[in-house]
Structure formats: C-alpha cells, structure tokens
Asker: 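Below are the structure tokens for one structure; questions will follow.
Note on naming: letters A, B, ... go to the chains in the order of the sequence lines (proteins, then strands), and numbering restarts at 1 for each one. Computed from a prediction, not measured in an experiment: that's the story for all the values here.
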There are 2 protein chains.
Amino acid sequence: MGAERWSSGGQPPQQSGLDVTMEFKNQPTVTLAEVAEAAGVGESTVSRVLRNHGSFSGKTRERVMAAVERLGYVPNRIAGTLASTGSRLVAFVIPSLSNIVFPDVLRGASAVLEENRYQAVFSVTDYDPGKEEALAAAMLAWRPAAVMLAGCEHTEGTVKMLRASGCRVVELLDLDGDALDIAVGFSNRAAGRESAAFLLKRGYRRIGYVGHDLNRDTRAGKRFSSFCETLGAHDAPLVAREILAGASSVENGRLGLERLLARTTDLDAVYFSNDDMALGGYFHCLAQGIAVPSKLAIFGYNGLDIGRATPQPLSTIRTPRVATGEIAAQLVVTNAPPQSVDLGFELVEGATA
Amino acid sequence: MGAERWSSGGQPPQQSGLDVTMEFKNQPTVTLAEVAEAAGVGESTVSRVLRNHGSFSGKTRERVMAAVERLGYVPNRIAGTLASTGSRLVAFVIPSLSNIVFPDVLRGASAVLEENRYQAVFSVTDYDPGKEEALAAAMLAWRPAAVMLAGCEHTEGTVKMLRASGCRVVELLDLDGDALDIAVGFSNRAAGRESAAFLLKRGYRRIGYVGHDLNRDTRAGKRFSSFCETLGAHDAPLVAREILAGASSVENGRLGLERLLARTTDLDAVYFSNDDMALGGYFHCLAQGIAVPSKLAIFGYNGLDIGRATPQPLSTIRTPRVATGEIAAQLVVTNAPPQSVDLGFELVEGATA
DNA sequence: GGTTTTTTTGGCAGCGCTACCAATTTGCTG
DNA sequence: CAGCAAATTGGTAGCGCTGCCAAAAAAACC
C-alpha cells in the first residue's frame, strides 16, 4: 500500500481576530414583541403576517416586514413550537452513517421535508437496539411530528414508548414484520429469495456466502436466511459461508472471499451481504485473476452506483433508498393514515453472475 | 448492463390494524406538573431531580423517579430549551449527502454530540449558496448552540446573519480563508499542491485533470487551481482537462477519463477531483486494458476505504473527515474560544501513481 | 435546648410565541 | 346614511419548563 506521510496542510493554525461570539454571547435577541412595537401593530398581527396565516392588510404586511428587516428579526421556532400544537421536527434514529443506505434515505427525506418547512434531526444507534431505545426516548423529548426508524425490530421498551408518544412512527426499509404505524420499503426476505432464484436460474449450484455481522444488521440476516431457504428448496443448499465480525466494507468483502476460497475450492457463485462486500470480492477476483463470472459468480445487494461503473457491472439488487426517504417524508407531511408502502426492488443482472 | 426487472417485493401492501396514532393524536401528554403532583413534591424539585442539578434528598429522588416511571413521563425539551438559556441543538448545513465526505463528518460529530446530550439537526444545500443562506436562516430559528457549515465561502447575507445570531459558527473542511469563529479541517490548496508535487516527483510530466462542476464545489476548485499552479511552477503545465457538468460520481469519472483520452493521447498521469471520479478512471483503465500506472497514472482525493481494496490501491490524499466532525463537536460542547484547527491530511502513495 | 448553618424544598415569574376571542374598522346593501 | 356582514386588528391566557428567591427542614454547633 505504499508509504504514507503526514502533511501539516499548509497554513499554520490561526486565531481569528474577530471574537464575534463572545461579544454577542448574551446579546438580547430581537423578539416578536419588539417587532410589533417597531411596526406599531399588535403581536398577533406580526405573528399572522410572518406565518402568512389569518388576514391582514397589505399595508400592515409591509410595515411588519420593514420592521423585521430593520431589526434583523429571526423568529424563534422553539417558542413557536411550544405555543402551537405539533412541531415540524422529524426525528431519524438510524443505525449508521457509514452504510450509504442511510444517507441515501436521509437525502430523499430531507428534500421533501425541506420543501415543507419541516426540520430533520437525527441520531445514530450503531445497530444497537438498546441505544436505539435510549435515542428514541431522547428524540421524543423534542416532541417531533414523526420518528423514523430502520426496520421493524425494536425493543419492547421502544415500541411501548413510541406507541404512547402519540407521534407518527415510520419504519423504513423492511416490510417483513408488523408495522407500528407507517412502514415504507420492501421485503428483505423477498430480496434474498429472488437473489437465490436468479443464481439458480443461471445454473449455479455450488453457492457460498460472505457477510458481515448479522446479529446487528437484522435486515441482512433476513436476506440471508431467505436466500438459504430458497437454495435448500431447490436442492442446492449453501455450500459454505464466511461471516466477518466487523461492519460491512469493501475490505471485509475482499478478505471474506479470500478466506472462503481458501477453505472451499469448488464454489461457482458467492452471495454477499451487500454491494460493499461484493465489490471487495470482485476486486479479489480481479487481483487474483479469477475469471468472473465463468470461474466464480458474484452477487451483491443494494445497487450502488459504483457497481455500474466497474469493468463488469455488478449483479445485484437495487433498492429504492432515496425513494424510501421521499415517500416516508411525504406520508408524514400529509399526515397520511397508517399504512405499509411496498416500493419493491430491482434485480440488476449485471455481468458478474 | 443486462436486463432489469421489477419485483413487487413479496408481501402485498398491508394496512396495520392498530391505529395507535389516530387514537392518541391529542392524547394529553404527561407534564412535569403532573409528575410533581403524583410524587407529592413541587415542580422545581422534579426539575432538579430530572436534571440532576441542585440538591435534593435520596428519598425525594426515589419518589420522583417512581412517579416518572409510573406515568411514563417524557420531558419536553422544547419547553426546557425555551425556559433556559442556550439550547443543546447543533445545526449542520451541508452541501450534500451523496458525497460521502459529509456523512463522515456527521458521523464523527454525532458521536461526540450524543455523548454530551446534544442533538444534531441538519439540512442540505445541494451546493447552492443561496440555499445555504435560506437554510442557515431556518436553522437559526431553532436557536442552536452552533451552526456548522462546509467551507469558508458564504454569501454576505449568510455571514451577516451568523454574526448577528450570537451562536457559535464552525466552518468545516477548508482552512483557506478567514474563519468566522471556529474552523476545523485542512488546506485544500495544500492538498492540491502536494498532489502535484507527488506526481512531479514520480516523474510524470504530461498531466491531465478530470473533475466535476467546480463552481459549486469550491473546495475542489481550490485543489485544482493549486494543483495547476504547482505544475506550472515546475514547467509541466496541465496538458488537458475534462470537466463534467454533474456531481462527482464513479460513472462520471469513467466517462471523463474516456473523453479526455479520446482528445489527448500522450498523457502519463491524470488527477481527479476526488476518489469517486478517480475510481471511475481506474475502472476505465482496467476495462480498456490500459496499464496503471506504467501507461497512465491515476491520483485521487479523499482516501475512501474502497480505494484500499481495489486490485491496486488508489494513490490519493486521505482527509480526516470523521476527525473533523469529532473535533468540531468537541470544540462546540466545550465552548472553546474561536480558533482554526488544522488537522492536515495524509498522502497515500498507493499503487496507481 | 437554642442558635446558627446548611440542605432541601416550593412558589412563581417569565422564556417567545400562538390560539382564541372580542373589539375595531371597512365595505356593501337598500 | 343607517344597518349588517366581512375583513382586520389587539389583548391575553397559556404552552411546559427553568431560574430565582424565600421558606422550611435538617444538621451542626455551643
């Protein structure tokens, strides 16, 4: 991997001469009441103009806006939320930010939320159900309009808390289970099943698996078990598996395949827990001169963009990650009734299997 | 790329039988006052116990906690924030969630913030300075403890607003400019310079560039201009460049290199705006049988993990993305004085240049 | 036992805004 | 121009919590 060296990065650390923060620390912020006074109108009038809600004359509107401009007034949403019923916060409790899946979901959701003047807040559970419970509790303290969680497996405490909270609950990316309120995503079991069916259809019979920690990532676990069941049902049970302890990564995929092949010589296809892992496996084959797919087929999961640009496009299942976020957000802002939305997924044949 | 087909994903859409949400919609939430009554103590006592702040007897503590448990009380942070001075919200205004850089920064920051019971909120500007201004304004309405922004180029309006807000401002990932308050990152100019120096040192003289839209991503622009200056200063000016309109992506990198090579036949090295693009270029070479680095060297930027697992590890500059988030968050929670922190970067020699 | 300290408590005034209602002004109709 | 409806306004009571202060209780002291 070559030597490495550290760079100081050019400019020396610098002290900003402008200590704006300290100076203004307890700067009295402009309040709505001050705007009202400056504009010569009542507080409620200012409130109405600013929210464009209720009626007021054009003249009043101008005066208020002028005062707002002049004083540099920034409304206080904390106060506004407290005074009104229901906030415009949407809380995301996600397992990870390393797994591109979740940034993708956030991206889709955030676009829709921003359009509707909602605000996204998030925290990261690191795939730990206990932490999920604690963070969900912390989130509820902000009285969000909705809480979005990954999957449909949660601790009893989490479920109880969410139920009692009265806010919308959206479970994302997994439809294999009972939804608390709204669920948006697809069936991971179906994904595992179709992956297996595809490999079988292509004639592969000696199939292996390389995955990451399945106890934590229950959705990957579901795919894997359905995958195995389907293979079994077609008299081609899984030949070997290699489970790596850490999180999914390209390097783990590469390492996992290397180990698997060291133990098992006659595999004709390998299913990976996701595209990161699969790319690692593919790179291993490229590096070792293992012909893909003639000597060994590779199949992933997620449908990352990068899989389309590799020398051979990766065979995988493309999941609607951004759409999941978008739809979820849409349902929340429209206060849709409880429902499960199946967005399906797309099997990408690619060229590695 | 093979045919594709859509799957319904197994289970049919289902309606949840438990309409928890509707039922509890206007469910009177438990307030601190109710807890106080149930515990037979005053409101302020409950408040003190819950925040573990001020003094109270062990007996009181138990009674309060029992009441909290019994009633399922969840404190209202909105009210708490309004009543107290200073919130524990930290607002992120980031250009994108597709570019892994920002999820990485969020990841580092979020870990530190969670430990300190701060809450992260974010919104995405899509690299649009105008949108940045609007979103920053929206963020300030939540009266966050700090606003974190990418880079140090902002509209006049944004700067004015942030200055007036009195909250901490952290500028991330770029030290080439004047910091408003706190800045954490490294010098992009230095990164461009060192990339050029490295290629020159290796003996490459006919160097090209493949990049994405530089007007939007000013940090990539800075790297590029310093890169060119350095080449020029060593009598090996940039030979050719290919700028793609869209966002950076592996596919654009591949396409960009293809176009560049179609125009310019005698290049010996190509610098890419980042690793995504560089990987695309690398894949193009693999697919076309162009020997790397003997026939063409490839150099990226970011130091993504995937670049370490490719058949030949990618030559690149590894940036401290997670650390940037961590340090930034640390400085905010400790209310550190204004400062710029240079985290540097690491040149990874790899095997593609 | 009577003080003086110290610890523990409760009351209550806001934080800045919105929702509701009543008061005022304006616009129309006949 | 009276007479009534509609459009605008302002006043004010909270939203649920924290921070301050004074009161009460407990502990320490002589």
Asker: Which nucleotide sits closest to the side chain of B/Leu82: D/dG10, C/dC15, D/dT9?
Answerer: C/dC15
Asker: Can you tell me which nucleotide in C/dA19, C/dC17, C/dT9 comes closest to the side chain of B/Phe56?
Answerer: C/dT9
Asker: Within the pair A/Thr45 and D/dG10, is there a side-chain N or O less than 4.0 Å away from OP1 or OP2?
Answerer: yes
Asker: Please confirm whether any donor atom in the side chain of B/Ser44 sits under 3.5 Å from an acceptor in the base of C/dG11, or the reverse.
Answerer: yes
Asker: Which nucleotide, C/dC17, D/dT18, D/dG10, lies nearest any side-chain atom of A/Leu32?
Answerer: C/dC17
Asker: Any carboxylate oxygen within less than 4.0 angstrom of a Lys/Arg side-chain nitrogen, looking at A/Arg219 and A/Asp174?
Answerer: no
Asker: Please classify the nucleic acid contact of B/Thr60 as base, sugar-phosphate, or nothing, using heavy-atom distances under 4.0 Å.
Answerer: sugar-phosphate
Asker: Out of D/dT18, C/dA19, D/dT12, which nucleotide sits closest to the side chain of B/Ser84?
Answerer: D/dT18
Asker: Does any donor atom in the side chain of B/Arg88 or B/Asn116 lie under 3.5 Å from an acceptor atom in the other side chain?
Answerer: no
Asker: Measure the CG-OH distance between B/Leu32 and B/Tyr73 for me, rounded to the nearest 0.5 Å.
Answerer: 4.0 Å
Asker: Spell out yes or no: do the side chain of B/Arg48 and the base of C/dG10 have one donor N/O and one acceptor N/O closer than 3.5 Å?
Answerer: yes
Asker: Which part of the nucleic acid does B/Gly86 contact within heavy-atom distance under 4.0 Å: base, sugar-phosphate only, or nothing?
Answerer: nothing
Asker: Base, sugar-phosphate, or nothing: which does B/Ser55 touch, judged by heavy atoms less than 4.0 Å apart?
Answerer: base
Asker: Nearest 0.5 Å, what's the OG-CZ distance between B/Ser110 and B/Phe92?
Answerer: 7.5 Å
Asker: Using only modelled atom types and a 3.5 angstrom limit, is any donor from either the side chain of B/Arg77 or the base of D/dG16 paired with an acceptor on the other?
Answerer: no
